[in-house]
Amino acid sequence: MNMTATDGSAIQAHGGDIIKANDGSYYWFGEDKTGETTSGHFIGVNCYKSSNFATWESRGAVLKPQEGTNISSDSIVERPKVIYNDANDEYVMWFHSDTSNYGAAAVGIATSKTIDGNYTWIGSFKPFGNDSRDMTIYKDDDETAYLIFATANNANLQIASLTSDYYNVSEAQYTWSDVYWEAPGIFKIDGTYYLLYSRQDGWTPTDNYYMTASSMAGPWTDSVLLAPEGTYAYNTQNAYDITINGTESVFYMYYGDHWNAPNLGASSYSFYPAIYNGSGLSLHYTGGWTLDTETGVWSDLPFDTITAANDSSTIAPSSALFECSGCLGGKTVNMTAGSTFSFTWNGSAGEKVLSLQYVYDGGKQAWKQIGVTVDSVAVNGVALLESTRGTTVYLEAPIPVTLAEGSEVQLKLLDYTDTAVLIEGVKIYEA
Ligand code: GLA
């Protein structure tokens, strides 16, 4: 969902990474896409700090545009990944460094003595002289670091080890040819590497997969789905994969981007537990969960469900309500121009997150907006519904609200064209 920093600003940290610093805090780096409707501008790499993954303090932009260079405001700086170089006591940031039409296809490097910057741009170059677009950096337990990058015009994915200062590639380790994969990331679980990736389709979510190997040089297994086929990793694309070594358990967290291509600045983030069951990995889909970063123990948040079939729900016109076997509560609302789904909230007062359970079978990168009123007053913002493109798994669209006991809540589709949105119900989480 969209997230807010402690100063009230919207978190802008897309395509980034989250690392634990020596002070025990977590730092999240990512692309600032404020106000962007398309790519082609470098605004900055932002940094946020947290101890609990729930509240994030903005540390500002740690890498800013430098006019007349390869990181000018007309350039592309994507997928920034920061790692710490122990020997040099230095933080090194790698990123996809490009011209606004993705023609330069290089990597860029910037360094800082302190984790939250400012980072000094060292340069941009083509690894081994080859093009590079989507990429990640992985630092192994033995401090060897790797660049994993899409090359050969995105056809190939290559793993290369880095030099010990992390300023350059050193040796190619493994290459997949003719695959068109993007968005790589690594978990290391019980000594086995799990390489996550998405298929290439611009900003449109695709299914994400993983492969495993006991060495970065391979051999790598075949690809395995990370989430059910056709859910497109719950409409996300892998950004970074974080391991939290708690006192009670090791927790694996998937950080995905939920890109909004027509309105890139409104793209949001999806953090999901990645569940390792002893032999494989899968995303745990949930509308809300909580983590104790000390112990590594996580749990789903409890929620109340109000379905279209509930006694407290009113659907107008009544002809918009349909029987639906397999739906939450067995009914769904066909939201078109003017139809409304209202319900009375009989639970406790306070800040909540409404999570709309919806199916919207639009095209690629088609979006709809649901406006919410509470006691006839419009709530700030909208619930953004991305086309589920025929998937059978219900997606959830969150929107924060403040409810009183007995509040009347009303949902309305704000931008009906020709494809209806089906809403089966609302899950209500404590904020
Ligand atoms: C994919 C990549 C992003 C970005 C877009 C541009 O989604 O993963 O980093 O390059 O394509 O279309």
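Every number for a ligand or one of its atoms is a count from 1 in the order of the listing.
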* Please work out whether any backbone atom (N, CA, C, O) or any side-chain heavy atom from C-beta onward of Gln200 is under 4.0 Å from ligand 1, and answer side chain, backbone, both or neither. => neither
* To do: Please verify whether a non-hydrogen atom of Gly15 lies at under 4.0 Å from ligand 1.
  => no
* To do: Name the closest protein heavy atom to atom 7 (O) of ligand 1, giving the residue it belongs to and the distance to 0.1 Å.
  => Gly202 O, 2.7 Å
* Asked: Thinking salt bridges, do Lys188 and Asp141 make one under a 4.0 Å N-O criterion?
  -> yes
* Within the side chain of Thr340, is there an N or O that forms a donor-acceptor pair under 3.5 Å with the backbone of Lys412? -> no
* Asked: Does Glu396 pair with Lys427 as a salt bridge, N-O distance under 4.0 Å?
  -> yes
* To do: For atom 8 (O) of ligand 1, grab the closest protein heavy atom and report residue, atom and distance to one decimal in Å.
  => Asp134 OD2, 2.5 Å
* Ion pair present between Arg199 and Glu182, side-chain N to carboxylate O less than 4.0 angstrom? -> no
* **Taking atom 6 (C) of ligand 1 as the reference point, the nearest protein heavy atom with its distance** => Tyr102 OH, 3.3 Å
* Asked: With the threshold set at 4.0 Å, does a side-chain nitrogen-carboxylate oxygen contact exist between Arg79 and Asp17?
  -> no
* To do: Using distance alone, determine whether Gln237 and ligand 1 share an N or O pair under 3.5 Å.
  => yes
* Structure fact -> OG (Ser161) and CG (Asp140) are apart, to the nearest 0.5 Å, by 11.0 Å
* Structure fact -> of all protein heavy atoms, closest to atom 10 (O) of ligand 1 is Glu78 OE1, 2.7 Å
